[in-house]
Protein chains: 2
Amino acid sequence: MQNLRNIDKQSMLSQDLGELLTEAIVQGVIPQGSKISEPELARRYGVSRGPLREAMLKLEGIGLVERIPHVGARVVELNCQQLLDIYTIREPLEGMACRLAAERLTQRQLNELHDLLEHHQQYLDDNHGEAYFDQQGDFDFHYRIIKATGNQRLVTLLCDELYHLLRMYRSTSARQHARPKRALQEHWAIWQALNDRDGELAEILMRRHISRARKVIEQLSSPDS
Amino acid sequence: MQNLRNIDKQSMLSQDLGELLTEAIVQGVIPQGSKISEPELARRYGVSRGPLREAMLKLEGIGLVERIPHVGARVVELNCQQLLDIYTIREPLEGMACRLAAERLTQRQLNELHDLLEHHQQYLDDNHGEAYFDQQGDFDFHYRIIKATGNQRLVTLLCDELYHLLRMYRSTSARQHARPKRALQEHWAIWQALNDRDGELAEILMRRHISRARKVIEQLSSPDS
DNA sequence: CTTCAAGTGATTGTCGACAATCTAAAGGTA
DNA sequence: TACCTTTAGATTGTCGACAATCACTTGAAG
């Protein structure tokens with residue numbers, strides 16, 4: 001009864017390795033574009049090459065590394081174009097997530113979202129400007145809406161795959177959320193629509209929210225014209 | 001089937017295995033819900049368990065099999081709810097794909113799409129009713145639009161992951177596209193919008209197209225109310 | 001007869017080793 | 001000097017083998 005952790009979650013070595021490596025790559029410990037040597041990583045983590053290769057396969061599926069047969073694996077280099085592509089996917093997907101969430105969110109979940117936004121608001125009003133909580137709060141808001149859809153495949157797709165890439169970009173790029181107050185306003189508007197059970201409006205607002213963030217990135221990447 | 005390694009010397013064994021197994025599962029050769037024994041499959045394909053496990057990892061990433069640590073892998077059982085979830089994801093994603101394609105399709109690609117639809121139309125008018133071409137033409141239309149977006153991640157997501165599940169469902173279910181003529185009409189309308197470079201309308205039409213197909217499935221799954 | 005415990009057989013996860021292949025440095029030729 | 005070939009080194013892909021774990025049978029107790 002005390003070692004509950006060992007019962008409910010059988011840990012595979014390759015699975016744990018996958019999560020470790022994911023965090024290492026997302027946080028920039030393993031820099032973008034760097035080559036990944038299987039023997040070296042295997043020695044560092046004290047495992048054989050078998051589980052490590054399986055973990056790499058999983059990372060490749062997420063899109064964090066790219067593998068070339070007989071050559072090896074490299075951490076993906078996330079240029080602006082690829083980031084824009086991700087936002088292009090996020091926009092309609094999270095819009096649909098909002099539409100679904102408007103029907104399925106419980107009152108309790110809505111209240112928790114409200115508290116989250118107020119907490120976030122207070123931090124910004126106090127002018128802390130701590131980017132960490134800013135990003136954390138931002139992601140948290142989106143995560144909760146997505147998970148409320150009850151569409152497991154949608155949750156996996158967004159939270160377990162695409163968002164790793166976003167976190168990687170934000171942790172390695174100096175840019176820290178260029179417009180936190182505006183973004184929070186948009187979050188409030190989305191919450192209002194969700195609270196009114198207006199799925200159609202919530203979808204539009206979320207799409208605009210992501211589309212605007214995408215435009216900011218677009219202007220940063222090509223400041224000319 | 002034994003000389004798998006002679007197919008292409010430059011590709012990896014696990015990669016070829018992944019494609020073979022994907023086809024076998026999609027076409028129902030390996031039935032839904034069946035347990036997958038690593039030693040048995042390894043013997044059948046004349047390879048070791050290493051590459052086979054790596055192929056299974058890839059299939060798990062696509063969502064064709066489910067693995068439980070220390071228990072094994074099973075081919076996923078695609079119930080109606082999961083199929084509805086997939087359509088829920090397809091609707092906004094392919095809508096966005098249409099919006100993008102409206103800007104990027106070349107005149108040549110538009111003409112090819114036109115020929116494809118006319119070919120399809122002729123088959124239906126001749127009352128062949130051959131479900132195979134019907135499905136093939138349907139998928140082909142959607143594939144071409146998606147690939148015209150130029151968003152590689154979107155292409156991979158839809159064509160290399162979600163569509164395998166759709167093909168699996170259609171090949172194992174007796175239902176053969178309940179409304180081929182109506183669907184073709186909607187394809188024509190989408191093509192018209194694409195040809196007019198009206199991305200906004202093309203997106204709406206594609207969303208409606210997929211949403212209607214989803215409703216058909218929804219009614220089949222729960223005929224009451 | 002039902003239920004639970006131990007044992008047996010098979011399967012999974014992991015490891016170390018070997019062949020095929022790629023990378024990079026050394027050396028020869030125009 | 002520039003370019004091509006060769007060669008040594010390291011890395012990747014694959015294989016067979018062993019320990020850990022699970023499923024199923026057997027058997028005994030209530």
Side-chain angles (χ1 to χ4, degrees), chain A residues 1-22 24-25 30-31 33-62 64-77, chain B residues 1-22 24-25 30-31 33-62 64-77:
Chain A
M1 193 66 75
Q2 46 195 1
N3 43 2
L4 189 80
R5 187 181 51 183
N6 293 346
I7 293 177
D8 68 343
K9 192 172 185 179
Q10 278 283 1
S11 67
M12 271 195 308
L13 207 45
S14 62
Q15 201 163 325
D16 299 339
L17 256 180
E19 296 170 7
L20 277 183
L21 289 177
T22 296
I25 290 177
I30 305 178
S34 64
K35 186 170 187 324
I36 291 182
S37 166
E38 292 182 2
E40 178 190 340
L41 267 192
R43 276 197 306 273
R44 182 182 305 178
Y45 286 99
V47 297
S48 174
R49 277 180 52 220
L52 188 133
R53 281 177 63 87
E54 295 190 356
M56 298 300 302
L57 260 289
K58 201 147 195 169
L59 293 201
E60 187 190 17
I62 298 178
L64 287 176
V65 303
E66 290 171 342
R67 287 166 29 113
I68 301 177
H70 296 101
V71 173
R74 309 191 79 89
V75 179
V76 68
E77 279 189 275
Chain B
M1 190 170 289
Q2 295 275 344
N3 327 357
L4 193 65
R5 51 171 54 79
N6 292 343
I7 292 179
D8 186 359
K9 290 182 180 177
Q10 291 187 352
S11 71
M12 281 190 299
L13 207 47
S14 63
Q15 201 163 324
D16 300 338
L17 257 180
E19 296 171 7
L20 278 182
L21 288 177
T22 297
I25 291 177
I30 306 177
S34 63
K35 185 172 187 323
I36 291 181
S37 166
E38 291 181 3
E40 179 191 340
L41 268 191
R43 275 196 307 272
R44 182 185 305 180
Y45 288 100
V47 298
S48 174
R49 277 180 53 220
L52 188 132
R53 281 177 63 87
E54 295 190 357
M56 297 300 302
L57 260 290
K58 201 148 194 168
L59 293 200
E60 186 189 18
I62 297 177
L64 287 175
V65 303
E66 289 171 343
R67 286 166 29 114
I68 302 177
H70 296 99
V71 173
R74 309 190 80 89
V75 180
V76 67
E77 277 190 277

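First the proteins, then the strands, lettered A, B, ... as listed; each starts at 1.
Between A:K58 and A:E54, none of the side-chain N atoms (NZ, or NE/NH1/NH2) sits under 4.0 Å from a carboxylate O, so this pair counts as no salt bridge.
With B:T22 contributing its side chain and B:G18 its backbone, the two residues share a donor-acceptor pair below 3.5 Å. A distance-only check finds a donor-acceptor pair linking the side chain of B:R74 to the backbone of B:G33 [under 3.5 Å].
Rounding to whole angstrom units, CZ of residue A:R43 and P of C:dC15 are separated by 15 Å. Rounded to whole Å, the distance from CE on B:M12 to C1' on D:dT12 is 10 Å. Distance, A:I68 CD1 to C:dT23 C1': 13 Å, rounded to whole Å. Residue B:L52 contributes atom CG, which lies 13 Å from atom C1' of D:dT14 at whole-angstrom precision. Atom CD of A:E54 and atom P of D:dT12 are 16 Å apart (whole Å). Atom C1' of nucleotide D:dT14 and atom CG of A:L57 are separated by 14 Å, given to the nearest angstrom. Atom P of nucleotide D:dA10 and atom CD of A:E40 are separated by 14 Å, given to the nearest angstrom. Note: OH (B:Y45) to P (D:dC15) measures 15 Å, nearest angstrom.
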Polar-atom pairs under 3.5 Å, protein N or O versus N or O of nucleotides 6-11 of chain C: list them with distances, or write none.
none

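In this structure the side chain of B:E60 never reaches within 4.5 angstrom of the side chain of B:E66, judged on heavy atoms. Between A:V75 and A:L64 there is no side-chain heavy-atom pair separated by less than 4.5 Å.
Scanning atom types as modelled, no donor and acceptor separated by under 3.5 angstrom connect the side chain of A:R67 and the base of D:dG13.
Taking the screw axis at each terminus of the helix from C:dC1-D:dG30 to C:dA30-D:dT1 from five consecutive base pairs, the angle between the two is 20° to within rounding of 10 degrees.
Closest approach of A:L21 and A:M56 over heavy atoms only: CD1-SD, 4.1 Å. Taking all atoms of both residues into account, the shortest heavy-atom contact from A:A55 to A:L17 is CB-CB, 3.9 Å. Looking at every heavy atom in both residues, B:Q15 comes nearest to A:P69 through OE1-CG, 4.3 Å.
Atoms CG and CD1, from A:L20 and A:I25 in turn, are 11.0 Å apart once rounded to the nearest 0.5 Å.
At the phosphate of C:dG13, OP1 or OP2 sits under 4.0 Å from a side-chain N or O atom of B:R53.
Checking C:dG16, C:dC22, C:dG13 against every side-chain atom of A:H70, the shortest atom distance belongs to C:dC22. Considering only side-chain atoms of B:V47, the nucleotide from C:dC15, D:dT14, D:dC15 that sits closest is D:dC15.
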